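Side chains included, hydrogens not; waters and symmetry mates left out as well; all remaining heavy atoms used. Throughout, a chain's letter reflects where its sequence line sits, starting with A, and its residues are numbered from 1. Please read all numbers here as calculations on a predicted model, not as lab measurements.
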Amino acid sequence: MKPRLRFAPSPSGYLHIGGARTALFNWLWARSQGGTFVMRVEDTDQERSSIESVRAILDAFRWLGMDWDEGPEVGGPHGPYFQSERKPIYKELVEGLIREGKAYRCYCTKEELDRQREQLKARNPKAAFVYPGTCRDRTDQPDLPHVVRFKTPREGSTEFVDKVFGAISTPNAAQQDFVLVRTDGYPLYNLAATIDDHLMDITLVARARDHIGNTPQQLLLYRAFGWEPPEFAHLPMMLSPQGDKLSKRHTAVSVQEYRDRGFPPMGVLNYIVRFGWSFGDQEIFGKQQLIEAFGWDRVGKGDGKFDDKKFADVAFEHLKREDLTSLDEYASSVKPFLDARGLTDVPEAALKAAIPGIRERARTLVDAANDLDYYFREPPELDDKARQKFLTKEAAPRLEALAETLSTVEPFTADALEARAKHWAEQQGLSMKDFAQAARVALSGRSASPPLFDVMVVLGRERTLARLRRGAELAKS
RNA sequence: GGCCCCAUCGUCUAGCGGUUAGGACAUCGGCCUCUCACGCCGGUAACGCGGGUUCAAUUCCCGCUGGGGUCGCCA
C-alpha cells in the first residue's frame, strides 16, 4: 500500500525551521515511496490562527520546493483540509463517544480548575495538577457550558512501537481525563488530529519527539473509536546551541529568514535533514539524491543542537557547486538580491558571465549580490581604503600604460590578456604584484575580487579600458 | 516531582563485539597565489561513570549520573 503522510501546521506564525524538518521527513518518505503528502491546517485555536499565517507557511513550502498532493489550494478527496471547517465531523463522533460512555461532559470551569492548579503549584511547585474527576461519573448532562473529557482507563498501559524509538509503554494511570472539546465547541489537538488522521487515511504519522506523550492519548482514542491506528515515527529534537528548546532568542528560526539571508532552499533542506538522519559519510545531497537516500532506519534517536556555522557552510556548498545550483538557477535566485541593491535591469548574459567568478566567494546570495555589484554599477563604488592604499601616484602611469597595452589584445580572453599583461610587465621590469592591486581597485573599486583578467573579460574591453584610465586619473589626484 | 525518552570530538554524525574510533563544520598550522576566496596537506579534539555478559566491549544487559520532552479549554 502506498503510504499517506501529512504535515499539519498550526497557522499561528511563520514556518518554524523545526516544523520544516518534520515536514521534510514526511515529504521525503511520501516522495520516495510514491505515496501521498497531505497538508492539513490545524486552525482550531481561533485566537491564534490567521489566514496570513497560512499564506506565509504555504509560501515557505513553495520556496523550499516541497509540494503537497492534498490540502489548501489543491483540494483533494479527503477535505476540507482546514480543521475549522470540520467541526460537524468532530461533533458527531464525539457525541457517539459520549453515548457509549467513553467520554463525558465536564462542567467545571476553566477558572475554577486554573485556581486549583495555581493553589497546588503554590504549595508544591513541582507537583502535577491532575483533574480530580469531578464530573467523571456524573449521570445528568444538563445543557450548560461544558467541555468534553475523555474517560481514560485507570488501569493498564498503552503501548506502541515507534519507527524510530522502538517500543514505548505508558501507564494509563499517568494520563488524566484529557479534554476533547472545549467550551466553545472547538475540538482540541488530540481529538482533531486523531479523527483527521483516520479519516484522511494517514498511514504514518511522523512528528517531533515533543509529541511522543500525545501518542498514548491518541491511541486511546483510536481504540475508543474502534479504529486501526497509523504507524508513528518520532523525530529527535532540534535544540538550541545551549541545548534548550530552539527559539528566536537563539537564532533565526523561521524559514523565511533564511531565504532573506540568501540561503538556497536546498541548502536549508540539506542542513535540517542531516539533523537526526545520516547517510554514511555523505553530507551534501541534491533533492533527488535525498529522496532516494532517505529511510527511517537511518534516523537517530539523540537530540541535536543547532549550529549556525555548519548551516551556513551547507548552504554555501549548495551555492558553490554547479551540480547543485545550476547557473540558470543561481542567476534567477540572485536577482531579487540585486534588485534590493538598486540593480534592477542587469543583463542576463552578463550576469551569467559574472557568476562563475563569484560562486566560490559568496557564501550567501546576499554576498553574491554584493560581489556582483561593481560589474553592473557605473561607475563602480570606490572603497576609500582601497583607493588610498593602491591608487597611488606611482600607480597612475602603470594603469595608463596597462590600458594602452591591453587595448589591442585580440581575442579579449583571460589567457590573452594575462599573456599580454605579463609580457608588458616584464619589459617594464615589473611583476604582477606591482600593478595588480591598483588595477583591481580601478576595475572593481575594491581590494578583493576574482582574478583580474577574469574580471576584465566580464567587463569587456571598453569598460575595462575606461575603468583603468579612470583609475589612473583618480590615482593622480 | 510523576510519566516518557536519550547519551561517540566544541557541533552534526559514522560505527551495528575485535577499528591506529572514520567523515564534516568550527579551530590551529602550512601550501597554492595578482587580492579575496576556492582547493590541497597536516595538527588539536570524543566513546559520561560503575557493575555485569564475553576470549574480547564504544558496541549487549543493569544501575548511577547527566541531558531533553511532557504533565493546558496550545498544537
Distance criterion of 3.5 Å, no angle test: do you see the side chain of [X] paired donor-to-acceptor with the base of [N]?
{"X": "A:Arg361", "N": "B:C36", "result": "yes"}
{"X": "A:Arg440", "N": "B:C34", "result": "yes"}
{"X": "A:Arg117", "N": "B:G72", "result": "no"}
{"X": "A:Thr183", "N": "B:C73", "result": "yes"}

Partner lookup for [N], please. Criteria are Watson-Crick or G-U wobble with both distances under 3.5 angstrom; report none if nothing qualifies.
{"N": "B:C71", "result": "B:G1"}
{"N": "B:A57", "result": "none"}
{"N": "B:U27", "result": "B:G43"}

Assign each of A:Gly243 and A:Ala8 the nucleotide of RNA chain B bearing its closest heavy atom; nearer the 5' end lies the nucleotide of A:Gly243
Between [N] ([atom2]) and [X] ([atom1]): distance, integer Å:
{"X": "A:Gln175", "N": "B:U70", "atom1": "CD", "atom2": "P", "answer": "14 Å"}
{"X": "A:Tyr104", "N": "B:C73", "atom1": "OH", "atom2": "P", "answer": "12 Å"}
{"X": "A:Leu239", "N": "B:G68", "atom1": "CG", "atom2": "C1'", "answer": "6 Å"}

Is A:Arg55 salt-bridged to A:Glu52, going by a charged N under 4.0 Å from an acidic O? no
So, do A:Phe285 and A:Trp277 have ring centers that fall under 6.0 Å from each other? yes
Counting the benzene-type ring for Trp, do A:Phe7 and A:Phe25 have ring centres under 6.0 Å apart? no
B:U70, OP1 or OP2 - any side-chain N/O from A:Lys245 closer than 4.0 Å? yes
Think A:Thr170 has a side-chain N or O under 4.0 angstrom from the OP1 or OP2 of B:C3? no
Strictly under 3.5 Å: I want the nitrogen or oxygen pairs between protein and nucleotides 57-62 of chain B, one per line.
none

Compute whether any side-chain donor of one residue and acceptor of the other, for A:Arg207 and A:Asn26, lie under 3.5 angstrom apart. no
Which listed nucleotide (B:C12, B:G72, B:G69) is nearest to the side chain of A:Lys305? B:C12
Which letters describe nucleotides 23-30 of chain B, given B = protein heavy atom under 4.0 Å from base, S = only from sugar-phosphate, - = neither? BBSS----
